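Each remark here refers to the structure printed beneath this line.
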Amino acid sequence: MAQVELKGVSKRYGSVEVIRDLDLVVEDGSFTVLVGPSGCGKSTLLRMVAGLETVSDGTLEIAGQKANDLDPVARGVAMVFQNYALYPHMTVARNIGFALKIAGNDKAEVEARVRQAADVLQITHLLERKPANLSGGQRQRVAIGRAIVRNPQVFLFDEPLSNLDAELRVSMRVELARLHQQIKATMLYVTHDQTEAMTLADKIVVMRDGKIEQTGTPEQLYGDPNNSFVAGFIGSPRMNFLPAQAEGGKLRLVSGVELPCPPALAGPVSVGIRPEHMVPQDGRTHSLPVTIDMVEYLGGTRYLYGRLADEAPVAVEARERVDIRPGETIDVTFNDRDVMLFDASGTRIRSATHNS
Ligand SMILES: Nc1ncnc2c1ncn2[C@@H]1O[C@H](COP(=O)(O)OP(=O)(O)OP(=O)(O)O)[C@@H](O)[C@H]1O
Ligand SMILES: [Mg+2]
């Protein structure tokens, strides 16, 4: 088991800097999830930890030891990719044990470790099959098995489930959580899937443009984001951002709606409200007319997508069985305590009245 630490790490390809002076501690035994828009540097970060890319600047430590120039094999890390690329002519058992065999382990040792990994992943009954005769989820388990047999201190996962269909993703997600509890290794995991990030992570790291925007527990990032980027990135449908003007202790929104705000605040601000806090019901403090464009029915909930009078788009969550149709204008209500304020640069404005 091991902590991974990046101190002032940069990565450059020629003159292009894709990771910029980044500090990160991945705690020993944690399940840390990296999220961020495409191209922000998630895979690059993982590949540097794995030793597949050099570190241009700064220090990479694994288990308290500087690892910048350490041979990938000596780092005690194993990486699982989205494209798991199994050897098609080998059985599952040989696929899983291949690296051990190459490393010169004797046959009995390889067999024992393959069996142990297969037990953990519940694929013992598949050991003699070829990859072509497996489902996507079973193949992905074989790929994880290849990592497990090496008994790594750190697992690196780069979108391991994104090739699977929705149902398999859910069951593999549960298995990964179980695996982590069982082997308690450090896991650094990249995903584009909100639910995966929220349910698997002890800690989520939100990246943008080669830098970290914020790290925290899923609850911290959701409930207390530092800026509008994180607030908009975590949560689905994303947070609504309503334009407003601050003046003399009041925030003026469209349709004559006013909210209290710190007296010192002036100029344009953005009012953030999550869809679940904007409900098509009376009884909350503020009310805004919203013209509905689309209704998304999801069984227990439905999302209403519409526009305010100034055309700003909003998403509203309706839990009650309301009969609302596209084209209708409805009143949507919300409370002060569910409002987050952001300044023109996107930085969160925290204050006594808006501090949810
Ligand atoms: N070998 C390379 N040479 C030049 N630029 C590269 C190289 N590899 C990656 N990049 C660039 O580095 C940036 C980060 O890439 P990276 O693959 O880490 O992104 P990512 O966050 O994993 O994105 P995605 O979510 O799409 O997988 C991208 O702009 C990419 O084009
Ligand atoms: Mg990537």
Side-chain angles (χ1 to χ4, degrees), residues 34 42-54 62 67 70-180 182-183 185-193 196 200:
L34 285 180
K42 305 178 295 294
S43 296
T44 305
L45 196 157
L46 241 55
R47 292 170 61 83
M48 284 194 290
V49 176
L52 301 172
E53 295 283 353
T54 56
I62 300 174
L70 210 57
D71 191 81
V73 184
R75 295 184 184 203
V77 305
M79 190 149 164
V80 179
F81 300 93
Q82 172 182 352
N83 300 315
Y84 23 86
L86 304 177
Y87 300 109
H89 58 289
M90 291 186 192
T91 62
V92 167
R94 285 188 60 209
N95 263 291
I96 296 177
F98 190 65
L100 296 179
K101 193 176 153 198
I102 294 295
N105 291 278
D106 71 56
K107 199 163 170 245
E109 166 78 8
V110 174
E111 269 175 25
R113 280 163 71 179
V114 167
R115 192 153 281 279
Q116 202 184 3
D119 282 349
V120 170
L121 295 164
Q122 299 168 0
I123 51 172
T124 310
H125 60 295
L126 304 173
L127 282 174
E128 295 315 313
R129 281 211 204 155
K130 298 270 175 67
N133 305 323
L134 300 175
S135 73
Q138 290 167 337
R139 277 182 216 153
Q140 189 53 283
R141 268 179 271 181
V142 176
I144 295 169
R146 277 194 309 205
I148 291 179
V149 285
R150 295 169 54 196
N151 202 13
Q153 311 184 72
V154 180
F155 282 85
L156 305 170
F157 290 98
D158 197 354
E159 307 195 44
L161 308 185
S162 52
N163 277 354
L164 307 179
D165 67 40
E167 199 177 334
L168 264 175
R169 263 209 313 264
V170 174
S171 64
M172 280 302 295
R173 193 171 82 212
V174 175
E175 289 191 28
L176 280 173
R178 190 175 53 79
L179 179 71
H180 180 241
Q182 206 169 338
I183 63 182
T186 308
M187 294 191 171
L188 184 54
Y189 189 104
V190 170
T191 182
H192 272 111
D193 185 310
E196 243 169 77
L200 286 173

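Keep in mind the model is a prediction, meaning the values are calculated, not measured.
At most 12 non-hydrogen atoms from other residues, nucleotides or ligands lie less than 6.0 angstrom from CD of Glu167.
Rounding to the nearest 0.5 angstrom, the gap separating the CZ atom in Arg178 from the CD1 atom in Ile183 is 10.5 Å. Considering CG of Leu176 and CG of Leu161, their distance stands at 5.5 Å, rounded to 0.5 Å.
Phe81 pairs by the ring pair (Phe, Tyr, Trp, His ring centres under 6.0 Å) definition with nothing, not counting sequence neighbours. In terms of the side chain to side chain donor-acceptor pair (under 3.5 Å) criterion, residue partners of Ser162 (sequence neighbours excluded) are, by chain and number, Gln82. Residues that satisfy the side chain to side chain donor-acceptor pair (under 3.5 Å) test with Arg173, not counting sequence neighbours, are Thr199. Taking Arg113 as the reference, Glu109 meet the side chain to side chain donor-acceptor pair (under 3.5 Å) condition, with sequence neighbours excluded. Residues satisfying the side chain to side chain donor-acceptor pair (under 3.5 Å) criterion with Thr44, sequence neighbours excluded, are absent altogether.
A ring pair (Phe, Tyr, Trp, His ring centres under 6.0 Å) check over residues 96-115, counting only residues at least two apart or in different chains, returns the pairs Tyr87-Phe98. Judged as a ring pair (Phe, Tyr, Trp, His ring centres under 6.0 Å), the pairs with a partner in residues 126-159 (not counting sequence neighbours) are, in order, Phe155-Phe157, Phe157-Tyr189. The salt bridge (Lys or Arg N to Asp or Glu O under 4.0 Å) contacts involving residues 145-160 comprise nothing, where partners must be two or more places apart or lie in separate chains. Evaluation of the side-chain hydrogen bond (donor to acceptor under 3.5 Å, both in side chains) test over residues 95-106, restricted to residues two or more places apart or in two chains, returns none. Sequence neighbours left out, the pairs with a member in residues 42-54 that pass salt bridge (Lys or Arg N to Asp or Glu O under 4.0 Å) are Lys11-Glu53, Arg47-Glu53. Screening residues 131-143 for salt bridge (Lys or Arg N to Asp or Glu O under 4.0 Å), with sequence neighbours left out, gives Arg141-Glu175.
With contacts defined as side-chain heavy-atom distances shorter than 4.5 Å, the pair Leu86/Val92 does not qualify. Within the 4.5 Å cutoff, no side-chain heavy atoms of Thr186 are placed close to those of Val77. With a 4.5 Å cut-off on side-chain heavy atoms, Met187 and Leu179 count as touching. Two residues are said to be in side-chain contact when any heavy atoms from C-beta on lie closer than 4.5 Å; Leu156 and Val154 meet this criterion. Residues Leu45 and Leu188 are in side-chain contact: their nearest non-hydrogen atoms beyond the backbone lie under 4.5 Å apart.
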Next item on the list: Please assess Arg169 against Asp193 for the test side chain to side chain contact (heavy atoms under 4.5 Å, CB included), listing each intermediate value before the final yes or no.
Entry: CA-CA 10 Å; Arg169 263 209 313 264; Asp193 185 310; 3.4 Å; yes
Next item on the list: Determine, step by step, whether Met79 and Val49 satisfy the side chain to side chain contact (heavy atoms under 4.5 Å, CB included) criterion, reporting the C-alpha distance in whole Å, the side-chain angles of both residues, the deciding distance to 0.1 Å, and the verdict.
Entry: CA-CA 10 Å; Met79 190 149 164; Val49 176; over 6 Å; no
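When every heavy atom of Ala185 is checked against every heavy atom of Pro152, the shortest pair comes out as CB-O, 4.2 Å. For the residue pair Pro160 and Val80, the shortest heavy atom distance occurs at CB-CG1, 4.2 Å. Between Ala147 and Ala78 the shortest heavy-atom distance is CB-CB, 3.7 Å.
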Donor-acceptor pairs under 3.5 Å, side chain of residues 114-134 to any protein atom, not counting sequence neighbours: which ones?
unit_1	atom_1	unit_2	atom_2	d
Asp119	OD1	Thr124	OG1	2.7
Arg129	NH1	Asn133	O	3.1

